[in-house]
Amino acid sequence: MSDEPPAKKAKVEKPILHSYWRSSCSWRVRIALAYKNIDYDYEAVNLLKGEQKANKHIQRNVMAQVPALIVENAVLGQSLAMLEYLEEKFPDPPLLPSDPLERAKVREICNIIASGIQPIQNLVVLNKVAADFGEEHKIPWGNFWITKGFEALELVLAKTANKYCFGDKFTMADCCLVPQVYNAQRFAVDLSRFPLISRIYIELEKMKAVKDSSPDQMPDAVK
């Protein structure tokens with residue numbers, strides 16, 4: 001038997017999430033953190049005041065966006081990368097199926113939302129639309145692109161969904177869907193055109209992880 005004392009567990013620093021209460025990309029990550037029951041510190045970044053453009057934040061997120069997640073003395077600046085990290089670092093409960101093809105399908109749904117829909121209606125784009133064409137064009141712009149994206153997403157979900165985006169298992173895809181439907185409501189999208197998306201969203205709204213991470217529960221929320 002070794003005379004060496006048992007090794008001490010390495011101290012794990014609490015993650016720090018730099019977030020804006022109404023940011024859909026930040027909310028994706030907050031849902032995953034809540035679902036996996038990961039304790040973290042919340043640092044607000046006020047996008048309307050331009051705090052994301054400060055040099056100290058650009059060092060965290062070179063795109064001058066949110067979220068930024070500080071973990072293990074490193075910084076992650078893209079929400080899907082954060083979801084993947086959390087899944088690998090904290091695999092239980094899982095956010096991806098075990099089968100490789102099924103995992104790829106979940107990631108496909110995530111990318112439709114995170115790459116094909118959300119970036120076209122984010123704050124930077126909307127501010128450019130307002131500057132070039134007038135403030136009154138922001139809502140129609142967002143409405144058009146979310147509607148177009150949901151038309152494609154509804155077709156994909158018709159082949160994958162049951163209770164949630166991928167069968168009856170909560171996945172990364174659901175983390176992405178919730179904030180995007182929230183945005184759709186803000187941009188007056190006619191959700192009656194998307195019964196599958198709407199039905200899944202109603203189920204997801206019941207989840208504790210979704211409720212606890214929702215925008216109005218954040219410390220920087222504007223009531």
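Predicted, not measured: the structure shown is a model, and the values here were computed from it. Heavy-atom basis, side chains included; hydrogens, waters and symmetry copies ignored.
Annotation: the span from Asp132 atom CG to His137 atom NE2 amounts to 10.5 Å, rounded to 0.5 Å. Atoms CD and NZ, on Glu51 and Lys53 in that order, are 11.5 Å from each other to the nearest 0.5 Å. Expressed to the nearest 0.5 Å, how far CZ of Arg30 lies from OG of Ser24 amounts to 9.5 Å. Distance check, rounded to the nearest 0.5 Å: CZ of Arg103 to CG of Leu95 gives 10.5 Å. Rounding to the nearest 0.5 Å gives a distance of 7.5 Å between CZ of Phe194 and CG of Asp190. Taking CG from Asp39 and CG from Leu33, the interatomic distance works out to 9.5 Å, rounded to the nearest 0.5 Å.
Under the 4.0 Å criterion applied to side-chain N and carboxylate O atoms, Lys89 and Glu72 are assigned as salt-bridge partners.
Counting heavy-atom neighbours within 6.0 Å of Trp145 CH2, excluding the residue itself, gives a total of 12 or less. Heavy atoms of other residues, nucleotides or ligands lying less than 6.0 angstrom from CG of Asn37 number 12 at most. Heavy atoms of other residues, nucleotides or ligands lying less than 6.0 angstrom from NZ of Lys36 number more than 12. For CD of Glu203, the number of neighbouring non-hydrogen atoms (other residues, nucleotides, ligands) closer than 6.0 Å is greater than 12. Within a 6.0 Å radius of NZ in Lys105, other residues, nucleotides and ligands contribute 12 heavy atoms or fewer.
Cys176 is not listed as a side-chain neighbour of Ile109, based on a closest heavy-atom distance of 4.5 Å or more. Residues Pro195 and Ile197 are not in side-chain contact: their nearest non-hydrogen atoms beyond the backbone lie 4.5 Å or more apart. Proximity of Asp212 to Gln217: side-chain heavy atoms (C-beta onward) are nowhere separated by under 4.5 Å. By the 4.5 Å heavy-atom criterion applied to side chains, Glu151 and Thr147 are counted as neighbours. In this structure, Leu80 and Asn111 have side chains that are in contact, with non-hydrogen atoms separated by less than 4.5 Å. Within the 4.5 Å cutoff, side-chain heavy atoms of Tyr20 are placed close to those of Leu48. Using a 4.5 Å heavy-atom cutoff, the side chains of Tyr164 and Met207 are in contact. Between Leu86 and Ile38 there is a side-chain heavy-atom pair separated by less than 4.5 Å.
The aromatic rings of Tyr42 and Tyr40 sit tilted, their planes meeting at an angle between 30° and 60°. Between Tyr35 and Phe170, the ring planes lie tilted relative to each other; the angle falls in the 30° to 60° range.
With hydrophobic clusters built from ILVMFWY side chains whose heavy atoms lie under 4.5 angstrom apart, Ile31 shares a cluster with Tyr85. Linking ILVMFWY side-chain heavy atoms closer than 4.5 Å, directly or via other members, places Val125 and Leu123 in a single hydrophobic cluster. Under the 4.5 Å side-chain heavy-atom criterion for ILVMFWY residues, a single connected hydrophobic cluster contains both Leu196 and Val181. Hydrophobic clustering of Ile, Leu, Val, Met, Phe, Trp and Tyr side chains at less than 4.5 Å, counting indirect connections, keeps Leu101 apart from Phe166. Under the 4.5 Å side-chain heavy-atom criterion for Ile, Leu, Val, Met, Phe, Trp and Tyr, Val189 and Phe144 are members of the same hydrophobic cluster.
Within the 3.5 Å criterion, the main-chain N or O of Phe187 finds a donor-acceptor partner in the side chain of Asn143. Proximity of a side-chain donor or acceptor of His18 to a complementary backbone N or O of Gln65 within less than 3.5 Å is not detected. Listed for the Asp220 side chain is a donor-acceptor partner under 3.5 Å among the backbone atoms of Trp21. Remark: the backbone N or O of Leu191 is paired with a side-chain donor or acceptor of Ser198 at under 3.5 angstrom. With Ser115 contributing its side chain and Ile112 its backbone, the two residues share no donor-acceptor pair below 3.5 Å. Under the 3.5 Å distance criterion, the side-chain polar atoms of Asp168 are matched with a main-chain donor or acceptor of Lys163. Judged by distance alone, the side chain of Glu87 and the main-chain N or O of Leu96 form a donor-acceptor pair under 3.5 Å. Of the possible polar contacts, none joining the Arg28 side chain to the Cys110 backbone as a donor-acceptor pair under 3.5 Å is found. The backbone N or O of Cys25 sits nowhere less than 3.5 Å from a side-chain atom of Gln118 that would complete a donor-acceptor pair. Without hydrogens or angle criteria, Asp174 side chain to Thr171 main chain gives a donor-acceptor distance under 3.5 Å.
Between the side chains of Gln121 and Gln180, at least one donor N or O lies within less than 3.5 Å of an accepting N or O. Between the side chains of Glu205 and Tyr182, no donor-acceptor pair of N or O atoms lies under 3.5 Å. One side chain, Ser213 or Trp27, offers a donor N or O that lies under 3.5 Å from an acceptor on the other. With no hydrogens or angles considered, no side-chain donor-acceptor pair links Gln52 and Asn61 at under 3.5 Å.
The heavy-atom pair separating Leu177 from Cys165 by the smallest distance is CD2-SG, 3.6 Å. Shown here for Leu69 and Pro15, the closest heavy-atom pair between the two residues is CD1-CB, 4.1 Å. Residues Leu83 and Val29 share a closest heavy-atom pair of CD2-CA, 4.1 Å. What you find for Trp141 and Ile120 is that their closest heavy atoms are NE1-O, 2.8 Å. When all heavy atoms of Gln78 and Met63 are compared, the pair lying nearest together is NE2-CG, 4.1 Å. Closest heavy-atom contact between Ala173 and Val106: N-CG1, 3.8 Å.
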>> Set out, in order, the CA-CA distance, both residues' side-chain angles and the distance that settles side chain to side chain contact (heavy atoms under 4.5 Å, CB included) for Leu47 and Val66, then state yes or no.
In response: CA-CA 8 Å; Leu47 301 185; Val66 290; 4.0 Å; yes

> Stepwise, does the side chain to side chain contact (heavy atoms under 4.5 Å, CB included) test hold for Leu157 with Ile200?
Replying inline: CA-CA 10 Å; Leu157 293 177; Ile200 296 168; 4.0 Å; yes

> Between Arg22 and Arg186, does a side chain to side chain contact (heavy atoms under 4.5 Å, CB included) hold up when you go through it step by step?
Replying inline: CA-CA 11 Å; Arg22 211 165 59 181; Arg186 289 179 56 215; 3.3 Å; yes

